[in-house]
J.: 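Before I ask anything, let me first share the structure, which is written out below as structure tokens.
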Amino acid sequence: MAMKIGEKPFFDRVDDALEDGFMRNAMAKAQDGLRGRKLNATVGDEQIGDWEEWRSAGEEIRRHTLENLDFYLDQLSENFARQGGHVYFAETAEDATRYIQEVAKKKNAKKITKAKSMVTEEIGLNEALEEIGCEVYETDLAEYILQIDDHDRPSHIVVPSLHKNKEQIRDTFRDKANYTGTSEPRELTAFARSQLRETFMEADIGVTGCNFAVAESGTISLVTNEGNANMVTTFPETQITVMGMERLVPTWNELDVMINLLSRSAVGQKITTYVTNLTPQLEEDSIDAPKEFHLVILDAGRSNALGTEFQSALHCIRCAACVNVCPVYRHIGGHAYGSIYQGPIGAVLSPILGGYEEYGELPYASSLCAACTEACPVKIPLHEHLIKHRENYVEKIGMTGEKMAMKTFGIGVSSPALFKLAVKGMPAVLGPLVKDNSITSGPGPMKLWTSVRKFPAPGKDNFRNWFNDRAKGRE
Amino acid sequence: MTAGTIHNKDQFLNKITSQLGSERNRQAGLPEWQHRPQLDVFSGASVNELAAAFKKNSLEKSTFVVNTDRTNLAEALQEVIKKYGGGQVVASKDSRFGEFGLDAVLDNGETHIWDINRGLENIEIAKKANIGLFISDAALAESGTIVQFNDKDIARSISLLPTVYVAIVPKSTIVPRMTQVVQAVHQSVEEGNNLATCINFISGPSNSADIEMNIVIGVHGPVEAVHVIVEDL
Ligand code: SF4
């Protein structure tokens, strides 16, 4: 499935990542930057009062919405269609892409512009559209960079090109698009602007994801900064929006709270430059609005979490705040997760959507320090979900203790000293495996953890100290 | 209006209902929310305090701000247009321009007023325009945001395609934050009204931090932005 990136097993990917010094520095720098901005715009912004209150508000809204998901999806679809829009409920990724292919064929579409959307990445939409002869243009700057670099993989859910530095971007632009300028971000950005300007106007179909849909009015809300989502939804005759089925709110009043949580947590802004709310009022004789509007609502494994202990994982608003505080992500980067969803939420969500067979190891990519849970604007108990996944994984695979360690991690560690260090560093991971001290050498994720020299001890306080020290530049 | 289509709804929703262990076709019923911090932001602030916060937060988002009153608005606007290089202006079709005494400013060879009868030519003009001019429908003090209820006359292109957007912000329309705008929208939905096809919250020029986290101003939308706050009370 398109959610999966790369073919190597998890710990091989981790090894690759640890050898990539630039990538690790980039991740660390970006994490510090994003985390700092978020703190300024949340607990640090007196203007909005108590951030904890906002988190509680977000949590209660998400809980109520998910508990009544069938009701609100019904309402959303009726309101969207009443105003002339078309709604397609897609059980699987294949259902969704097939429907979108049909629309594209019917419209005889050649050029398709897209605004950033992890969900279209998840269903492999670009490949599906290219298969039927369409040209697909990613227009979000980060996605554009990845696309012209022979479809490189995303490494972060908010900034997918985080692993690339400006020199690499310059070289890619030069090699693939005849760019002749410098590595100055301003110049690189201006180049992307000029390259895409006409494409926006020529596109037959504009495709977007959906940050939130509003059930009471059949509205799609997009939270962006670059203006590309506005271009994509303003000029093509047909708009197709793909939304994960959980991404909705009951009314506009709840939308307000969610937008505030998302803008501040994802990019540390009081509000993103654009919050664009689109309702299919299609009879109007507007010149610069789509004439046809399709909404594809996707399950693709999400319903696996409903009614289970993982239901609150669907409360996620994809802000990446958990990713930006995760010490494991910091060291292994986004690609090591092998999923388009990385970091703590990726480790929780990927096994739900893609199964334990493929993603059962990901919940071990955590020190269980709970920084993710504390950062989450809608209070998802991420580290508890990770523990539960581990339990399920052990149960499902039918193994315990040493056997599981051997099998799961499949990496030999020959040195008892390394092993000890690893165990000391990772009690939460290895606790159950070493209870009887029966593992004296060999298996485990220990190689991983011991290769990570600067890895913080996993205790919560230790982690905080470590992170605070880092923030003060005292590492 | 011709209604659209809905595919696979029942099958899809029945599965969700059964996973939730619930019953289809019940009313969800919104609860009394226990946490509503949004209501406290700038509560009790005066119009002047809101306007000051709007200005401060606009500046923070790299937006140039001008304060003026009704009498001096025309002149102030002409100065802004000059300062930003003049050239082609594209403006929304909005009767409020007349109410603000701006018809004379707009009546020149360089200003195109959006006219649906001229079809796609409007977009061609907007694409080449240096300045997009419109009156904001509401403004948010908390974030220096202007709000547009776009329709066929208050076209989306005007705040999007030109190099600079210039928004006239009547001081009376500045509210604490998004909360007050969504309350009005919610009420309108409850009353059964149709919504504007695009309700756009815009806070300054387009930007991106995708390259090594450096903030670059001016990506696909405008490169510069101006908020002209007008005393209208
Ligand atoms: S789990 Fe929470 S912190 Fe992580 S991306 Fe989702 S909403 Fe953000």
Side-chain angles (χ1 to χ4, degrees), chain A residues 30 33 48-49 53-54 56-57 64 68-71 73-74 77 81-82 84-89 141-142 159 161 165-166 185-186 188-189 193 216-217 225-228 230-231 234 250-253 256-257 270-271 273-279 281 283-289 303 306-307, chain B residues 1-9 12-13 15-17 19-21 24 28 30-31 33-38 40-41 116 119-120 122-123 142-143 145 152 155-157 160 178-179 182 185-186 189 194-195 197-204 206-208 210-214 216 219-221:
Chain A
I48 53 160
E53 269 295 287
W54 284 93
S56 301
H64 168 80
N68 296 283
L69 185 61
D70 47 349
F71 174 81
L73 282 175
D74 201 342
S77 60
R82 181 175 50 76
H86 302 285
V87 183
Y88 186 85
F89 283 96
L141 184 55
V159 191
S161 63
N165 66 20
K166 54 188 195 299
R186 188 182 296 271
L188 292 165
T189 306
R193 177 183 167 106
E216 71 167 340
S217 60
N225 276 315
E226 296 177 2
N228 60 317
N230 298 66
M231 298 293 251
T234 295
T251 79
W252 280 75
N253 290 327
D256 171 28
V257 176
K270 291 169 182 167
I271 189 170
T273 305
Y274 298 97
V275 177
T276 307
N277 303 283
L278 302 161
T279 310
Q281 286 291 334
E283 268 193 348
E284 238 194 301
D285 35 4
S286 288
I287 293 155
D288 57 353
S303 56
L306 290 174
Chain B
M1 178 174 298
T2 329
T5 51
I6 306 180
H7 305 272
N8 305 340
K9 185 175 87 172
F12 190 97
L13 295 185
K15 181 172 173 196
I16 294 179
T17 311
Q19 289 277 107
L20 287 170
R24 267 301 290 283
L30 272 183
W33 300 120
Q34 299 302 303
H35 305 275
R36 300 208 287 172
Q38 68 271 38
D40 299 332
V41 180
I116 55 163
L120 294 175
N122 288 285
I123 294 178
E142 177 192 293
S143 48
T145 304
K152 62 185 192 303
R156 305 179 191 193
S157 301
L160 181 62
M178 189 185 271
T179 307
V182 297
V185 174
H186 172 63
V189 173
N194 282 334
L195 288 185
T197 163
C198 173
I199 300 179
N200 215 350
F201 293 77
I202 305 173
S203 314
S206 63
N207 59 80
S208 173
D210 281 354
I211 301 178
E212 289 194 15
M213 312 307 295
N214 290 296
V216 175
V219 192
H220 299 298

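Throughout, a chain's letter reflects where its sequence line sits, starting with A, and its residues are numbered from 1.
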J.: Among G307(A), G49(A), S56(A), which residue has the highest count of heavy-atom pairs closer than 4.5 Å to chain B?
T.: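 Most pairs with chain B among the choices: S56(A).
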J.: Which atoms form the tightest heavy-atom contact between F89(A) and I6(B), and what is the distance?
T.: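 That would be CE1-CG2, 3.8 Å.
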J.: Is it the backbone or the side chain of T145(B) that comes under 4.5 Å from a heavy atom of chain A, or both, or neither?
T.: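 Contact with chain A involves the side chain of T145(B) alone.
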J.: Given heavy-atom pairs under 4.5 angstrom as the criterion, report whether the side chain, backbone, both or neither of I123(B) touches chain A.
T.: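 Side chain only.
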J.: Checking A28(B) now: which residues fulfil side chain to side chain contact (heavy atoms under 4.5 Å, CB included) with it, not counting sequence neighbours?
T.: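 So A28(B) forms a side chain to side chain contact (heavy atoms under 4.5 Å, CB included) with H64(A), N68(A), F71(A), Y72(A).
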J.: For residues T276(A) and R156(B), determine if any side-chain heavy atom of one lies less than 4.5 Å from a side-chain heavy atom of the other.
T.: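 Sidechains of R156(B) and T276(A): no contact.
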J.: If you measure from OG on S143(B) to CD1 on I48(A), what distance do you get to the nearest 0.5 Å?
T.: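 Result: 11.5 Å between the selected atoms.
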J.: K9(B) and S77(A): which non-hydrogen atoms are nearest, and at how many Å?
T.: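 What the structure gives for the nearest pair is CD-OG, 3.5 Å.
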J.: Identify the two heavy atoms, one from Y88(A) and one from H7(B), that lie closest to each other, and give their separation to 0.1 Å.
T.: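 Of all heavy-atom pairs spanning Y88(A) and H7(B), the closest is CD1-CB, 3.5 Å.
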J.: Out of E53(A), M231(A), R186(A), which one racks up the most heavy-atom pairs below 4.5 Å with chain B?
T.: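 Winner by heavy-atom pair count: E53(A).
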J.: So for P185(A), is it side chain, backbone, both, or neither that comes closer than 4.5 Å to the heavy atoms of chain B?
T.: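 It is both, since atoms from each part get that close.
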J.: Applying the side-chain contact (heavy atoms from CB on, under 4.5 Å) criterion to D70(A), which one of R24(B), K15(B), Q19(B) satisfies it?
T.: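 Single pass found, and it is R24(B).
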J.: Given 3.5 Å as the limit, does a donor-acceptor pair link the side chain of D288(A) with the main chain of A155(B), or not?
T.: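 Not at all, since once roles are kept as given, no pair shorter than 3.5 Å links the two residues.
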J.: Mind checking whether W33(B) and N253(A) have side chains closer than 4.5 Å, heavy atoms only?
T.: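 In short, these two side chains do not touch, never coming nearer than 4.5 Å.
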J.: Return yes if some donor-acceptor pair links the side-chain N/O of E212(B) with the main-chain N/O of K166(A) below 3.5 Å, else return no.
T.: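 Answer holds: yes.
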J.: Between N207(B) and chain A, with a heavy-atom cut-off of 4.5 Å, which part of the residue counts as in contact: side chain, backbone, both or neither?
T.: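 Contact with chain A is through both the backbone and side chain of N207(B).
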J.: Closest heavy-atom contact between I271(A) and S203(B)?
T.: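 Minimum heavy-atom separation between I271(A) and S203(B): CG2-OG, 3.3 Å.
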J.: If you count heavy-atom pairs under 4.5 Å with chain A, which of L20(B), N214(B), T17(B) comes out on top?
T.: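 Top count of heavy-atom pairs under 4.5 Å with chain A: L20(B).
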J.: Contact between V216(B) and R193(A) at the side-chain level, heavy atoms closer than 4.5 Å - yes or no?
T.: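 No, their side chains stay 4.5 Å or more apart.
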J.: Test of understanding: with side chain to side chain contact (heavy atoms under 4.5 Å, CB included), list the residues that count as partners of H86(A), not counting sequence neighbours.
T.: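 So H86(A) forms a side chain to side chain contact (heavy atoms under 4.5 Å, CB included) with Y99(A), E292(A), H294(A), T5(B).
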J.: How long is the straight-line distance from OG of S206(B) back to CG of N225(A), given to the nearest 0.5 Å?
T.: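 The distance works out to 9.0 Å.
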J.: Mark yes or no for whether D256(A), through its side chain, and M178(B), through its backbone, hold a donor-acceptor pair below 3.5 Å.
T.: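 Answer holds: no.
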J.: Nearest 0.5 angstrom please: H220(B) NE2 to L141(A) CG, how far?
T.: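 Atom-to-atom, H220(B):NE2 and L141(A):CG are 6.5 Å apart.
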J.: So do L195(B) and W252(A) actually touch side chain to side chain, heavy atoms under 4.5 Å?
T.: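 When only atoms from C-beta onward are counted, L195(B) and W252(A) do touch, with a gap below 4.5 Å.
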J.: Can you tell me how far CG of L278(A) sits from CD1 of I199(B), rounded to the nearest 0.5 angstrom?
T.: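 It is 9.5 Å, given to the nearest 0.5 Å.
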J.: Closest approach of L160(B) and G227(A), non-hydrogen atoms and distance?
T.: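 Smallest heavy-atom distance, with atoms named: CD1-O, 3.9 Å.
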J.: Measuring from W54(A):CH2 to Q38(B):CD, what's the distance to the nearest 0.5 Å?
T.: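 If I round to the nearest 0.5 Å, the distance is 5.0 Å.
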J.: With a 4.5 Å cut-off on side-chain heavy atoms, are N228(A) and V219(B) touching?
T.: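 V219(B) vs N228(A): side chains apart.
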J.: Please determine, by modelled atom types, if D210(B) and S161(A) share a side-chain donor-acceptor pair under 3.5 angstrom.
T.: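 The criterion, which ignores hydrogens and geometry beyond distance, is not satisfied for S161(A) and D210(B).
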J.: To the nearest 0.5 Å, how far apart are CD1 in I211(B) and OG1 in T189(A)?
T.: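 One gets 4.0 Å once the value is rounded to the nearest 0.5 Å.
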